Number of protein chains: 2
Amino acid sequence: MGSTSQRRKRATIHDVAVEAGISRGTVSRVVNGERYVSEAARTAIEDAIAKVGYVPNTAARNLVMQKTQAVGFIVHEPHSLFLNDPNIGEILLGANASLSDADYQMVCLVIDSDRDTDRVARYLSGGFVDGAIIVSARKNDPITRVVSGLDLPAVFVGHPPELDDVPFVGIDNRGSAAAITSRLLETGRRRVGMIAAALDRDSGADRLAGFTDALGDHFDPRLVVEVPLYEYSAGVTGMRELLAREPNIDGVFAASDAVAAGALEAIREAGLSVPGDIGIVGFDDSSWAARCSPQLSTIHQPAGSLGRRAAETVLAQLRGDEVKLGGILLDTPIIWRDSA
Amino acid sequence: MGSTSQRRKRATIHDVAVEAGISRGTVSRVVNGERYVSEAARTAIEDAIAKVGYVPNTAARNLVMQKTQAVGFIVHEPHSLFLNDPNIGEILLGANASLSDADYQMVCLVIDSDRDTDRVARYLSGGFVDGAIIVSARKNDPITRVVSGLDLPAVFVGHPPELDDVPFVGIDNRGSAAAITSRLLETGRRRVGMIAAALDRDSGADRLAGFTDALGDHFDPRLVVEVPLYEYSAGVTGMRELLAREPNIDGVFAASDAVAAGALEAIREAGLSVPGDIGIVGFDDSSWAARCSPQLSTIHQPAGSLGRRAAETVLAQLRGDEVKLGGILLDTPIIWRDSA
DNA sequence: TTGTAGGCGTTATCAA
DNA sequence: TTGATAACGCCTACAA
């Protein structure tokens with residue numbers, strides 16, 4: 001028993017016109033709800049539409065209208081990050097909300113291999129979308145090249161590496177990191193270290209820089225351990241390493257909440273207490289933060305707002321508004337809870 | 001300083017043809033790498049393409065080719081679920097992998113409101129995709145109606161409510177739930193309860209049914225507490241309730257790993273130990289499972305494979321192959337760890 | 001208020 | 001090997 005039920009050809013405006021005995025022009029008017037259509041014609045056409053099961057072919061419409069009412073949301077992340085990053089989902093939802101309000105369809109394109117990169121580049125070039133929101137671009141990214149070559153209205157979430165004259169929305173990772181580190185210092189901790197992650201990316205490097213800023217003369221490179229990704233497991237190993245290097249450590253800035261959660265685990269397994277023995281702070285204010293015990297003191301990353309602002313920025317470009325190049329930085333309040 | 005750099009009109013095949021002094025037909029052949037083009041013509045055209053910055057308009061191509069090489073991946077979930085469900089991401093990646101191999105573009109459409117539903121329905125009808133993969137359809141879902149009205153090649157992930165004669169790929173929630181409950185029973189637990197979640201969905205209802213099956217005569221409705229979603233916080237409250245109803249409970253089947261993780265927290269806060277006092281098992285084998293302490297005994301849900309199989313199923317339909325209606329059920333091995 | 005016809009950017013058929 | 005030319009399905013002046 002197969003599903004081979006003759007896939008019948010889709011009805012076109014022409015079919016409707018024939019069925020209703022009225023010209024295609026008028027059918028088109030009815031479909032698009034325009035004025036100047038007689039009641040008689042309208043009902044006849046509506047009947048015909050129902051009868052032949054007509055549904056407009058948007059691709060054809062786009063071709064003639066030269067626009068698609070769609071915006072691409074491009075996520076370029078390796079598996080593990082895409083699945084674990086607590087922010088991407090919120091950014092996506094925020095962007096979708098704004099786009100949806102403006103009656104634009106968000107089309108999410110996932111890049112997970114070089115083949116994907118090429119195909120997405122083609123897709124973008126193909127005129128399927130009127131604009132693009134790009135999350136976590138890489139340096140020397142073909143996508144970036146395509147976008148600027150086409151001068152497709154686009155906005156980046158996070159500072160695109162090596163690109164300064166493009167609109168982007170992000171946060172001040174460095175300043176935020178410095179702020180929460182200072183706050184941690186103010187609680188009287190003397191030996192504070194950092195589990196730095198993702199140093200190959202702006203966010204990671206900036207958070208480390210902020211940490212360094214805040215420590216000033218007290219900065220001790222031995223108290224910084226580097227891990228590859230913003231991951232729970234990286235937090236565990238990172239913290240173990242830190243403890244090995246400096247058993248008397250009493251404060252830790254983890255590069256993200258997930259890392260902090262892992263660190264908590266390592267501290268617990270070492271028989272130490274938080275915040276008693278060690279004060280620890282994270283970054284993101286993701287669901288990890290409230291779920292840990294004790295709950296994490298952290299930096300709030302306004303992921304939903306990032307998505308919304310990004311969407312609004314491309315929408316503005318689409319409208320033809322002036323858009324300021326360079327970054328829009330959103331606020332990142334410190335959320336002080338129990339872990340420090 | 002605005003970004004108002006005259007968005008110049010995109011070059012078309014026609015422009016290239018004029019520039020190269022050759023007909024559009026030949027240009028098209030070059031673009032599509034066909035044979036029977038003289039070297040001279042080819043290089044002339046390639047130069048012209050580079051000169052005018054030509055990039056094919058895929059929308060136009062699709063119109064005439066009557067296909068798009070794209071498949072929609074439709075996620076219909078409320079915010080919190082979409083962000084927290086550990087499976088969706090893996091399903092998406094699995095589907096993308098298969099689609100990518102077949103040189104299809106996956107376009108992910110997120111439905112987050114009624115407006116979204118309508119727009120996605122339009123998008124699907126619009127001829128932008130050749131097929132669709134639908135995750136977590138609702139009963140009486142407009143999307144489902146559109147898909148079947150269009151008879152667009154489609155496959156569901158999970159059993160679509162009230163629909164039996166459509167292809168879908170899923171797992172045997174009921175059997176799996178019964179299996180792990182039995183396994184828990186075999187460890188000698190006498191008072192075992194369940195934190196049942198998402199009973200308004202097939203997966204949730206089936207897991208409860210499986211639990212009931214396994215318990216047989218020993219089933220005690222007082223030991224089942226219902227929570228709305230597969231969430232950590234639901235696990236915390238659910239477990240507290242269970243403990244309140246039956247302080248001597250010594251076994252728990254949580255409807256998902258996230259729920260189990262929450263239950264662990266509630267058990268800890270009650271001063272009880274796992275697996276000493278209470279044995280607990282989960283469902284999903286998501287990242288929660290390995291992250292808990294003790295690590296969770298659970299059912300492995302093959303999310304990546306679900307995505308791949310789903311993609312292969314629509315790809316098969318696209319090829320015109322016979323596709324068996326009804327479900328393909330994937331294996332769900334028990335992963336026995338430390339929590340029971 | 002309605003019909004006609006041209007064009008959107010490609011591909012594909014068929015002569016040349 | 002190449003060039004016309006007709007679709008593809010739709011919108012939109014323009015004319016009636």
Side-chain angles (χ1 to χ4, degrees), chain A residues 8-46 48-49 52-69 122-130 150, chain B residues 7-46 48-49 52-70 122-130 150:
Chain A
R8 63 185 178 291
K9 216 167 96 294
R10 282 174 52 157
T12 71
I13 275 204
H14 179 246
D15 301 325
V16 177
V18 170
E19 175 68 31
I22 305 191
S23 82
R24 312 187 323 229
T26 305
V27 175
S28 175
R29 285 174 205 115
V30 169
V31 169
N32 295 303
E34 278 174 38
R35 277 170 316 202
Y36 305 128
V37 178
S38 66
E39 244 349 281
R42 164 161 285 118
T43 57
I45 290 174
E46 280 166 351
I49 288 181
V52 305
Y54 169 74
V55 136
N57 179 320
T58 319
R61 172 181 297 169
N62 290 343
L63 182 58
V64 50
M65 307 270 267
Q66 302 287 55
K67 66 192 185 66
T68 67
Q69 290 292 99
R122 259 162 36 216
Y123 191 90
L124 257 23
S125 323
F128 282 103
V129 295
D130 295 336
L150 247 48
Chain B
R7 206 172 301 293
R8 64 187 177 291
K9 219 168 92 297
R10 279 174 53 156
T12 72
I13 275 208
H14 179 247
D15 301 326
V16 177
V18 169
E19 175 69 31
I22 304 190
S23 82
R24 320 200 309 257
T26 305
V27 174
S28 177
R29 285 175 204 116
V30 169
V31 170
N32 295 304
E34 278 173 36
R35 273 168 323 200
Y36 305 128
V37 178
S38 67
E39 243 350 282
R42 164 161 284 118
T43 57
I45 289 174
E46 280 167 349
I49 286 180
V52 305
Y54 169 74
V55 138
N57 179 321
T58 319
R61 172 181 297 170
N62 291 344
L63 181 58
V64 52
M65 307 266 270
Q66 302 288 48
K67 66 193 184 69
T68 65
Q69 290 291 99
R122 257 157 45 211
Y123 190 90
L124 256 24
S125 322
F128 283 102
V129 295
D130 295 337
L150 249 47

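Only a predicted model underlies this, so the values are computations on that prediction, with no experimental measurement involved. Lettering of chains follows the sequences in order, A, B, ..., and the numbering in each one begins at 1.
- Counting any heavy atom pair closer than 4.0 Å across all strands shown, B:V55 reaches sugar-phosphate atoms only and no base atom.
- As a whole-Å value, the separation of A:E34 CD from D:dA13 P is 9 Å.
- Distance, A:D15 CG to D:dC8 C1': 13 Å, rounded to whole Å.
- Within the 4.0 angstrom heavy-atom criterion, no nucleotide atom of any strand lies near A:N62.
- Remark: B:S38 is in phosphate contact with D:dT2, judged by side-chain N or O atoms under 4.0 Å from OP1 or OP2.
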- Message: For a side chain to side chain contact (heavy atoms under 4.5 Å, CB included) check, start with the C-alpha distance between A:R10 and A:V55, then their side-chain angles and the critical distance, and finish with the verdict.
- Response: CA-CA 8 Å; A:R10 282 174 52 157; A:V55 136; 3.3 Å; yes
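- Not one N or O on the side chain of A:R61 forms a donor-acceptor pair closer than 3.5 Å with the backbone of A:Q66.
- Between D:dG3 and B:S23, a contact under 4.0 Å exists linking OP1 or OP2 to a side-chain N or O.
- Look at OH on A:Y36: it is 17 Å from P on C:dG3, rounded to the nearest Å.
- Both B:I22 and B:A60 sit near DNA chain D, but only B:I22 has its closest nucleotide nearer the 5' end.
- Protein atom CD1 of A:I13 is 15 Å distant from nucleotide atom P of C:dT4, rounded to whole Å.
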- Going through the distances and angles, do A:K67 and A:N62 end up as a side chain to side chain contact (heavy atoms under 4.5 Å, CB included)? CA-CA 5 Å; A:K67 66 192 185 66; A:N62 290 343; 5.7 Å; no
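- A sub-4.0 Å separation between OP1 or OP2 of D:dC10 and a side-chain N or O of A:Y54 is present.
- A:N32 has its CG atom 10 Å from the P atom of D:dC10, to the nearest Å.
- For the pair B:K67 NZ and D:dC8 P, the computed distance is 17 Å after rounding to whole Å.
- Among D:dC11, D:dG9, D:dT5, the nucleotide with an atom closest to any side-chain atom of B:Q66 is D:dG9.
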- Message: As a quick check of understanding, evaluate side chain to side chain contact (heavy atoms under 4.5 Å, CB included) for A:Y54 and A:I13, giving each step before the final call.
- Response: CA-CA 7 Å; A:Y54 169 74; A:I13 275 204; 3.2 Å; yes
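- Distance, A:N57 CG to D:dA7 P: 18 Å, rounded to whole Å.
- Looking at B:T26 and B:R29, their side chains do bring a donor and an acceptor atom within 3.5 Å of each other.
- Taking side-chain N and O atoms only, B:T26 has a distance below 4.0 Å to OP1 or OP2 of D:dG3.
- A:A41 comes within contact range of the sugar-phosphate backbone alone, with a heavy-atom separation under 4.0 Å but no base atom that close.
- Using a 4.0 Å heavy-atom distance criterion, A:R24 is classed as a base contact.
- Among the nucleotides C:dG9, D:dT2, C:dG3, the one closest to the side chain of A:L63 is C:dG9.
- A donor-acceptor contact shorter than 3.5 Å links the side chain of A:T68 to the backbone of A:F128.
- Separating the CE atom of B:M65 from the P atom of C:dC8 is a distance of 21 Å, rounded to the nearest angstrom.
- Remark: A:S28 is not in phosphate contact with D:dC10, judged by side-chain N or O atoms under 4.0 Å from OP1 or OP2.
- Nucleic acid contact class of A:V37 (heavy atoms, under 4.0 Å, all strands): sugar-phosphate only.
- Picking from D:dA13, C:dC14, C:dT11 the nucleotide with the shortest atom distance to the side chain of B:R29 gives C:dC14.
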